[in-house]
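Please read these numbers as outputs of a predicted model, since none were measured by experiment.
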Amino acid sequence: MKITYECIDSPIGDLFLAESAKDPIAVWFRKETTLLEFVNSLGWSYPDAEFVAGSCKEVHSRLDKYFAGKRQVYPFPERLSGTDFQLSVWREIAKIPYGETVTYGEIAENLKRPGGSRAVGAATGKNPVSILIPCHRVMGTKGKLTGFGGGLQNKVWLLRHEECHIPKEPSAKGARTQPSLFEYRHK
């Protein structure tokens with residue numbers, strides 16, 4: 001299998017992309033990772049793959065449409081590497097409509113695993129195709145804003161971009177709340 005990879009600039013920072021035969025393999029937030037570390041990490045999941053630097057045209061196109069606010073539905077990536085449980089969680093996440101959120105517990109219930117919200121959270125944290133498999137739309141108990149591999153600030157940005165309701169989070173000092181969604185329109 002041939003996997004093409006690249007790093008692109010996006011409205012929320014640099015993203016590493018990888019695809020194989022127009023099928024998304026990875027969309028990762030760069031953070032402190034180098035391109036070589038990204039490719040080496042992919043090598044653990046795809047040990048027989050040939051990695052080639054180039055343009056990930058399909059993934060880039062999907063992200064361009066997403067950031068332009070165009071709601072698109074794509075088939076679930078066929079070549080993702082993960083356990084059966086992880087793949088089932090990622091498939092469930094991929095069903096969350098643009099502009100809506102669900103909780104880890106709701107996903108666990110949908111998968112017939114009541115009480116499995118922590119396992120769902122762990123699988124969600126391993127999602128290799130961030131944004132396109134919209135793990136940013138998954139919230140904690142009672143819709144609580146929880147962590148995100150790309151950073152909580154990016155999760156908030158993505159939710160606001162989709163005009164999702166974002167729960168009010170108290171600050172460390174107490175009653176302070178986030179500014180209104182209107183103040184943070186990113187279009």
Side-chain angles (χ1 to χ4, degrees), residues 1-10 12-67 72-98 101-113 116-139 146-152 154-155 158:
M1 170 160 85
K2 179 180 168 183
I3 296 177
T4 304
Y5 64 90
E6 70 174 318
C7 181
I8 66 163
D9 183 40
S10 81
I12 53 176
D14 291 343
L15 297 173
F16 290 135
L17 313 180
E19 72 181 23
S20 177
K22 296 186 178 184
D23 201 27
I25 297 294
V27 176
W28 291 12
F29 290 86
R30 181 175 180 188
K31 298 197 282 186
E32 302 297 320
T33 307
T34 67
L35 192 57
L36 179 59
E37 290 168 333
F38 169 67
V39 173
N40 285 340
S41 293
L42 290 177
W44 287 100
S45 297
Y46 301 94
D48 298 327
E50 171 192 356
F51 292 92
V52 179
S55 178
C56 298
K57 293 177 184 173
E58 181 63 24
V59 177
H60 204 164
S61 171
R62 291 181 189 190
L63 288 170
D64 283 346
K65 289 175 185 167
Y66 173 81
F67 287 121
Q72 303 289 319
V73 176
Y74 296 103
F76 188 80
E78 294 177 22
R79 293 176 171 82
L80 286 185
S81 177
T83 66
D84 289 342
F85 179 71
Q86 287 171 333
L87 290 167
S88 70
V89 169
W90 301 337
R91 278 189 183 90
E92 206 55 37
I93 292 169
K95 295 176 188 175
I96 305 169
Y98 185 99
T101 60
V102 301
T103 66
Y104 296 104
E106 289 172 314
I107 291 174
E109 296 270 331
N110 290 346
L111 294 173
K112 309 286 189 253
R113 292 184 180 238
S117 59
R118 286 186 185 210
V120 167
T124 301
K126 300 280 186 185
N127 172 17
V129 188
S130 195
I131 304 169
L132 300 180
I133 296 177
C135 54
H136 60 277
R137 297 178 191 154
V138 184
M139 307 297 237
T146 58
F148 180 61
L152 198 54
N154 285 330
K155 182 172 186 162
L158 293 165

Apply side chain to side chain contact (heavy atoms under 4.5 Å, CB included) to the pair Val52 and Lys2, showing each step before the final yes or no. CA-CA 7 Å; Val52 179; Lys2 179 180 168 183; 3.8 Å; yes
Ser61 side-chain N/O to Lys57 backbone N/O, donor-acceptor pair under 3.5 Å: no
Once rounded to the nearest 0.5 Å, what's the spacing between atom CD of Glu78 and atom NZ of Lys22? 13.5 Å
Side-chain touch Met139/Lys155, heavy atoms, less than 4.5 angstrom: yes
Are Ile8 and Leu63 side-chain neighbours, meaning at least one heavy-atom pair lies under 4.5 Å? yes
Mind checking what makes side-chain hydrogen bond (donor to acceptor under 3.5 Å, both in side chains) contact with Asp64, not counting sequence neighbours? none
Can you tell me how far the OG atom of Ser88 sits from the NZ atom of Lys112, to the nearest 0.5 Å? 12.0 Å
To the nearest 0.5 Å, how far apart are OH in Tyr66 and CG in Leu158? 4.5 Å
Under a 4.5 Å cut-off applied to non-hydrogen side-chain atoms, are Tyr104 and Val89 in contact? no
Can you name the nearest heavy-atom pair linking Ala108 to Gly116, along with the distance? CB-C, 3.7 Å
Would you confirm whether Glu19, through its side chain, and Glu58, through its main-chain N or O, come within 3.5 Å as a donor-acceptor pair? yes
Please find the pair of heavy atoms, one from Arg62 and one from Leu132, that lie closest to each other, and give the distance. CB-CD2, 3.9 Å
Given side chains that start at C-beta, do those of Phe38 and Ser41 come closer than 4.5 Å, heavy atoms only? no
What heavy-atom pair brings Ile3 and Ser20 nearest, and what distance separates the two atoms? CG1-CB, 4.2 Å
Is the backbone of Gly151 close enough, under 3.5 Å, to the side chain of Lys31 for a donor and an acceptor to pair up by distance? no
Given the rule in the side chain to side chain contact (heavy atoms under 4.5 Å, CB included) test, do Phe148 and Ser130 qualify, once you have shown the distances and angles that lead to the verdict? CA-CA 10 Å; Phe148 180 61; Ser130 195; 3.6 Å; yes
Which pair of non-hydrogen atoms, one from Ala26 and one from Leu42, has the smallest distance, and what is that distance? CB-CD2, 4.0 Å
I'd like to check the side-chain hydrogen bond (donor to acceptor under 3.5 Å, both in side chains) partners of Glu109; sequence neighbours left out, ordered by chain and number. none
Going by side-chain hydrogen bond (donor to acceptor under 3.5 Å, both in side chains), name the residues that satisfy it together with Lys65, two or more places apart in sequence or in a different chain. none
What closest approach, in Å, do Gly54 and Glu6 show between heavy atoms, and which atom pair accounts for it? O-CB, 3.1 Å
Rounded distance [0.5 Å steps], NZ in Lys126 versus OG in Ser81: 11.5 Å
Side chain to side chain, Ile131 and Phe67, heavy atoms closer than 4.5 Å: yes
Note: Ala94 and Ile133 closest approach over all heavy atoms is N-CG2, 4.3 Å
With the side chain counted from C-beta on, respond yes when Ser55 and Thr4 share a heavy-atom pair under 4.5 Å apart, and no when they do not. no
Straight-line distance of Arg137 CZ to Thr124 OG1, nearest 0.5 Å: 13.5 Å
Do Trp90 and Pro128 make a side-chain contact, defined as non-hydrogen atoms from C-beta onward lying under 4.5 Å apart? yes
Are any of the side-chain heavy atoms of Leu15 and Phe29 separated by less than 4.5 Å? yes
Please check if atom CZ in Arg79 has more than 12 non-hydrogen atoms from other residues, nucleotides or ligands closer than 6.0 Å. yes
What distance do Asn40 atom CG and Phe51 atom CZ have between them, rounded to the nearest 0.5 Å? 8.5 Å
For a side chain to side chain contact (heavy atoms under 4.5 Å, CB included) check, start with the C-alpha distance between Asn127 and Val129, then their side-chain angles and the critical distance, and finish with the verdict. CA-CA 6 Å; Asn127 172 17; Val129 188; 4.1 Å; yes
